[in-house]
Structures are given as C-alpha cells and as structure tokens.
Amino acid sequence: MKAMVLEAVGSPLRPVDRPDPVPLSGQLMLRVEACAVCRTDLHVCDGDLSEPKLPLIPGHEIVGRVEAVGEGVPSSRVGQRVGVPWLGHTCGCCSFCRNKAENLCDQPQFTGYTRDGGFATHVVADADYAFVLDPQADPVALAPLLCAGLIGWRSLKKAGDGSRIGLYGFGAAAHIIAQVCRWQGREIYAFSRPGDEAAQLFALDLGAAWAGGSDESPPVLLDAAIIFAPVGELVPAALRAVRKGGRVVCGGIHMSDLPAMPYALIWASEASFRSLISRAPTRRNSFRSLARPGSGLIRLSIRSSMPTERLRISGLAG
C-alpha cells in the first residue's frame, strides 16, 4: 500500500510504500476511498497533541470499502462502505465503557494519532468502530461527517435547545452545524477571525443571521455559543456573549490555554461552561441523520487538494 507517514513531530509527511495491513481478530481492512483533513491532524503533526504513535499515518475521517476481515468478523462485511472516525478502540472493561461512556475509556485508541489512520490506500480498523455508510453517496462528501459532523452534532446537543446559537470559528464543523440549525429553525451568529470577510460572507450565504469577527459582540445575547476554534481566549468572549443561564461549549480536541478571567462572567449570569473533554463521540452519537441519502440537508464546501501549510492560515471556507 501507499501511505503518507509522519516520522517525527514537526516534520513533513513522507510518501512510503508498505505491505498491505492484515486485519487481526475483531478488525477489518478497507481500501480508502476518501479521507478528509481535520484541524486535529495538524495538531498531531505539529505536536500540540503530545503522544502520537511514531511513525504514524495520520487521518481520522475515513471512508472506504471493506476488502478483508479478521477472526470473529462476519464475511458479509466484505464489500461494505464504512466510515472510520477519531475514536478507534475502547477497552470495553472500565467503568466508563460499562456505563455507556466509552468516549471516557481509560485505555482508548485514536485513529490517526495512537494508531495508523487514513492518509493511505489501505487501513485496518476495529469492526465495531467502522460505521456502515450509504454505498451510493459521494465518499468525499461523507468523509467530513466522520469528525466535523460528529463533533459538531454532539456540541450542538450539549448547547441545548436555545434559538440563538453562536459559532466561534467558522470552519468544517461550524458550516455543517449552521445548516442543521437553520433546518431546525434556529438563528446562527457566526464569529470568524477578525477581518476574515470570506468566512463571514460564507456564513451569511449559509443562512447566518449575523457574521463578524471574534473580537465583536453579536447584536443580541445568545442562548448558547459553541467554540470550534482552538483558541482559549475565545472562552471569556463567548461567556460575555451569552444571556443569563446561557451555555458555552468547547467543541475541539485541542485548545490553547484559557486566560485568567473574572469569575463574575459565570457567577453573575449562572452561565454554564462545558467541554467535550471526553475527546470523541460515542458510537451512539450517530451522524446517520446528516448522511442519509437524498436528504439534501447539508451542503459541504470541499477542497479536494490543498497543501497543509495553506490549512494553517485563514481564508478557506468549509
């Protein structure tokens, strides 16, 4: 197989040839049809997430066709189109796994971080963490749902049922969830990097009621705010933007340190502050409603080829 390999933190990915992987018990091997690039992949390569398996094949938004199965996996799975997300394995034995909180597992493995991912022609995955997908859908359009869609949906659920939702960082997850919110009849207030007019226009094009820089205040108080940008300084800004009793949800896997902030931001308004410290959605947090064939719910903005350095700067939509 061919793969792009990270050999040392901070180094460029290198193309290599390897033997095709062999699925072990409980695993399957798939030929990769598409693997989206997530901001977390950059955090892994740059060392912001500090314990990657090295050498490593990154990539955790994988769509592919099953070509082989290991012991204990039904042969009927061969030929299926499946999706493989960030959370790739849990122990099944700890108290969290036993209580349906497997995303808090004491011994997890993460696709494209602690086990090889999808920047390759082939990959192995736990059969229990390979979700069956629509065989007729565009695999490139399905791939971002494996992380941006899942994390976005879970963040939105934690944000509650409020009608005015703020989204800080208008990238992959936000542009998906903005469309879900509009379909649900909610108002979206989008925050981008200051001066990023392209992202703001993109948000308005997707139906946002307002779009501005993260250094601005929205025209109304928000019921909830979701922070997708990995910037800790946005937390106090979001707390100031929500109404009394509002919610602020941090939806990223990595974020810079939170700054010192007045306790009154929380105390005076009884705003709640939540994070997805559980690091990943569980298998129960399904994205099938987003990916169902023919729904027309989500319009994805996709770039099929992009140098990784370009991904580190502003000016991209989706």
Novice: Run the ring pair (Phe, Tyr, Trp, His ring centres under 6.0 Å) test against Phe119 and tell me which residues pass, sequence neighbours left out.
Specialist: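 In terms of ring pair (Phe, Tyr, Trp, His ring centres under 6.0 Å), with neighbours along the sequence ignored, Phe119 is linked to no residue.
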Novice: Do Val9 and Pro52 have side-chain heavy atoms sitting under 4.5 Å apart?
Specialist: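 In contact.
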Novice: Considering residues at least two apart in sequence or located in another chain, which fulfil the side-chain hydrogen bond (donor to acceptor under 3.5 Å, both in side chains) criterion with Asp161?
Specialist: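 side-chain hydrogen bond (donor to acceptor under 3.5 Å, both in side chains) check on Asp161 returns nothing, list empty.
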Novice: Under the side chain to side chain contact (heavy atoms under 4.5 Å, CB included) rule, collect the residues that match up with Glu233, sequence neighbours excluded.
Specialist: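 So Glu233 forms a side chain to side chain contact (heavy atoms under 4.5 Å, CB included) with Val231, Pro259.
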Novice: Assigning hydrophobic clusters by single linkage (Ile, Leu, Val, Met, Phe, Trp, Tyr; side-chain heavy-atom cutoff under 4.5 Å), is Trp86 placed with Met4?
Specialist: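 Trp86 and Met4: one cluster.
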Novice: Mark yes or no for whether Asn99, through its side chain, and Ala101, through its backbone, hold a donor-acceptor pair below 3.5 Å.
Specialist: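 No, the answer is negative, given that no donor and acceptor are paired below the 3.5 Å cut-off.
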Novice: Find the distance between CH2 (Trp210) and OG (Ser217) and round it off to the nearest 0.5 Å.
Specialist: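 Between atom CH2 of Trp210 and atom OG of Ser217 there are 7.5 Å.
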Novice: Please check if the number of heavy atoms outside Gln107 that lie under 6.0 Å from its CD is greater than 12.
Specialist: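 Counting other residues, nucleotides and ligands, CD of Gln107 stays at 12 neighbours or fewer.
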Novice: The criterion is side chain to side chain contact (heavy atoms under 4.5 Å, CB included); which residues satisfy it with Asp126, sequence neighbours excluded?
Specialist: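 Counting only residues at least two positions away or on another chain, Asp126 forms a side chain to side chain contact (heavy atoms under 4.5 Å, CB included) with Gln27, His89, Arg115, Tyr129.
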Novice: Do Ile176 and Leu201 share a hydrophobic cluster (ILVMFWY, side-chain heavy atoms under 4.5 Å, transitive)?
Specialist: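 They do not share one cluster, since no chain of ILVMFWY contacts under 4.5 Å joins Ile176 to Leu201.
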Novice: Can you measure from NZ (Lys157) to CD1 (Ile177) and round to the nearest 0.5 angstrom?
Specialist: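 The CD1 atom of Ile177 is 11.0 Å from NZ of Lys157, to the nearest 0.5 Å.
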Novice: Working to the nearest 0.5 angstrom, can you tell me the gap between Cys91 SG and Arg98 CZ?
Specialist: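 Going from SG on Cys91 over to CZ on Arg98, the span is 8.5 Å.
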Novice: Ignoring hydrogens and geometry, is there a side-chain-to-backbone donor-acceptor pair from Glu61 to Ala148 under 3.5 Å?
Specialist: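 Side chain of Glu61 to backbone of Ala148, a donor-acceptor pair under 3.5 Å: yes, one is there.
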Novice: Does Glu51 offer a backbone N or O that forms a donor-acceptor pair with the side chain of Tyr113 under 3.5 Å?
Specialist: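 Side chain of Tyr113 to backbone of Glu51: a pair is present.
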Novice: Do Arg186 and Leu156 come close enough that some side-chain heavy atom pair is under 4.5 Å?
Specialist: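 Side chain of Arg186 against side chain of Leu156, heavy atoms only: contact under 4.5 Å found.
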Novice: Looking at side-chain heavy atoms only, is the closest gap between Val44 and Pro58 below 4.5 Å?
Specialist: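 They are not in side-chain contact.
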Novice: Give, for atom OG of Ser155 and atom CG of Leu150, the distance between the pair rounded to the nearest 0.5 Å.
Specialist: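 Ser155 atom OG to Leu150 atom CG measures 10.5 Å (nearest 0.5 Å).
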Novice: Look at the side-chain heavy atoms of Ile, Leu, Val, Met, Phe, Trp and Tyr, link any pair under 4.5 Å apart, and say whether Phe191 and Met255 land in one connected group.
Specialist: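 Phe191 clusters together with Met255.
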Novice: Using 30° and 60° as the class boundaries, would you call the ring planes of Phe202 and Phe170 parallel, tilted or perpendicular?
Specialist: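 Phe202 vs Phe170 ring planes: perpendicular.
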Novice: Kindly say whether Glu102 contributes a backbone atom to a donor-acceptor pair with the side chain of Lys100 at under 3.5 angstrom?
Specialist: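 No, Lys100 side chain to Glu102 backbone: no donor-acceptor pair under 3.5 Å.
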Novice: Test of understanding: with side-chain hydrogen bond (donor to acceptor under 3.5 Å, both in side chains), list the residues that count as partners of Arg65, not counting sequence neighbours.
Specialist: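 With neighbours one apart ignored, the set is empty.
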Novice: Checking one residue: Leu24. Which other hydrophobic residues are in its cluster under the side-chain 4.5 Å linking rule?
Specialist: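 Via sub-4.5 Å side-chain contacts, Leu24 links to none.
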Novice: Using side chain to side chain contact (heavy atoms under 4.5 Å, CB included) as the criterion, list what pairs up with Ser11, not counting sequence neighbours.
Specialist: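 Ser11: side chain to side chain contact (heavy atoms under 4.5 Å, CB included) contacts with Leu6, Ala8.
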Novice: Just verifying a value: how many Å separate Ile188 CD1 and Ile226 CD1, rounded to the nearest 0.5 Å?
Specialist: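 Going from the CD1 atom of Ile188 to the CD1 atom of Ile226 covers 7.5 Å.
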Novice: To the nearest 0.5 Å, what is the distance between CG (Leu167) and OG (Ser214)?
Specialist: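 One finds 13.0 Å between CG of Leu167 and OG of Ser214.
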Novice: Of all heavy-atom pairs between Ala34 and Pro139, which one has the smallest distance, and what is that distance?
Specialist: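 That closest heavy-atom pairing would be CB-O, 3.7 Å.
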Novice: For Gln200 and Arg193, work out which heavy atoms get closest and say how close.
Specialist: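 Here Gln200 and Arg193 meet closest at NE2-O, 3.9 Å.
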Novice: May I ask whether Val180 and Phe228 are part of the same hydrophobic cluster, defined by side-chain heavy atoms of I, L, V, M, F, W, Y residues being less than 4.5 angstrom apart, directly or through others?
Specialist: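 Yes, Val180 and Phe228 fall within the same hydrophobic cluster.
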Novice: Is there a path from Leu221 to Leu239 through hydrophobic residues (I, L, V, M, F, W, Y) whose side chains come within less than 4.5 Å of each other?
Specialist: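 In one cluster with Leu221: Leu239, no.
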Novice: Between Arg247 and Lys158, is there a donor-acceptor pair closer than 3.5 Å when you use the side chain of the first and the backbone of the second?
Specialist: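 Side chain of Arg247 to backbone of Lys158, a donor-acceptor pair under 3.5 Å: yes, one is there.
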Novice: So, Thr114 side chain and Gln109 main chain: donor-acceptor pair closer than 3.5 Å or not?
Specialist: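 Answer holds: no.
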Novice: List in chain and number order the residues that pass ring pair (Phe, Tyr, Trp, His ring centres under 6.0 Å) with His122, two or more places apart in sequence or in another chain; answer none if no residue qualifies.
Specialist: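 Ring pair (Phe, Tyr, Trp, His ring centres under 6.0 Å) list for His122, sorted by chain: empty.
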Novice: With a 3.5 Å distance limit and no angle check, can you tell me whether Arg77 reaches the backbone of Ala127 through a side-chain donor-acceptor pair?
Specialist: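 Yes; at least one donor-acceptor contact below 3.5 Å.
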Novice: If you define the side chain from C-beta out and look only at heavy atoms, does anything of Leu206 sit under 4.5 Å from Arg182?
Specialist: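 Not in contact.
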Novice: Arg81 side chain to Glu33 main-chain N or O, any donor-acceptor pair under 3.5 Å?
Specialist: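 Absent.
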Novice: Quick one: name the residues clustered hydrophobically with Val32, using the 4.5 Å side-chain heavy-atom rule over I, L, V, M, F, W, Y, and just say none if it's on its own.
Specialist: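 Members other than Val32 - counting any ILVMFWY side chain reachable under 4.5 Å - are Leu28, Leu30, Ile62, Val66, Val69, Val73, Val78, Val82, Val84, Val123.
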Novice: Taking the side chain as every heavy atom from C-beta outward, state whether Asn103 and Arg154 have any atom pair closer than 4.5 Å.
Specialist: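 Sidechains of Arg154 and Asn103: in contact.
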Novice: Looking only at atom types and distance, does a side-chain atom of Thr111 sit under 3.5 Å from a main-chain N or O of Pro85, one as donor and one as acceptor?
Specialist: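 Confirmed, Thr111 side chain pairs with Pro85 backbone.
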Novice: List for me each residue that meets ring pair (Phe, Tyr, Trp, His ring centres under 6.0 Å) alongside Tyr189, sequence neighbours excluded, and say none if there are none.
Specialist: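 Not a single residue meets the ring pair (Phe, Tyr, Trp, His ring centres under 6.0 Å) criterion with Tyr189.
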Novice: When you look at CD of Glu216, are more than 12 heavy atoms from neighbouring residues, nucleotides or ligands closer to it than 6.0 Å?
Specialist: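 Count over threshold, so yes.
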Novice: Could you walk me through whether Asp223 and Arg243 pass salt bridge (Lys or Arg N to Asp or Glu O under 4.0 Å), step by step?
Specialist: CA-CA 6 Å; Asp223 297 309; Arg243 61 166 173 79; 2.6 Å; yes
Novice: Answer yes or no: is there a side-chain heavy-atom contact under 4.5 Å between Met1 and Pro21?
Specialist: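 They are in side-chain contact.
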Novice: Considering residues at least two apart in sequence or located in another chain, which fulfil the side-chain hydrogen bond (donor to acceptor under 3.5 Å, both in side chains) criterion with Arg18?
Specialist: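 Arg18: side-chain hydrogen bond (donor to acceptor under 3.5 Å, both in side chains) contacts with Asp116.
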Novice: I'd like to check the side-chain hydrogen bond (donor to acceptor under 3.5 Å, both in side chains) partners of Asp48; sequence neighbours left out, ordered by chain and number.
Specialist: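 side-chain hydrogen bond (donor to acceptor under 3.5 Å, both in side chains) check on Asp48 returns His43.
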Novice: Below 4.5 Å, heavy atoms only, C-beta onward: do Cys38 and His60 meet side chain to side chain?
Specialist: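 Sidechains of His60 and Cys38: in contact.
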Novice: Could you pull out the closest heavy-atom pair between Leu13 and Cys45, with the gap in Å?
Specialist: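 That would be CD2-SG, 4.0 Å.
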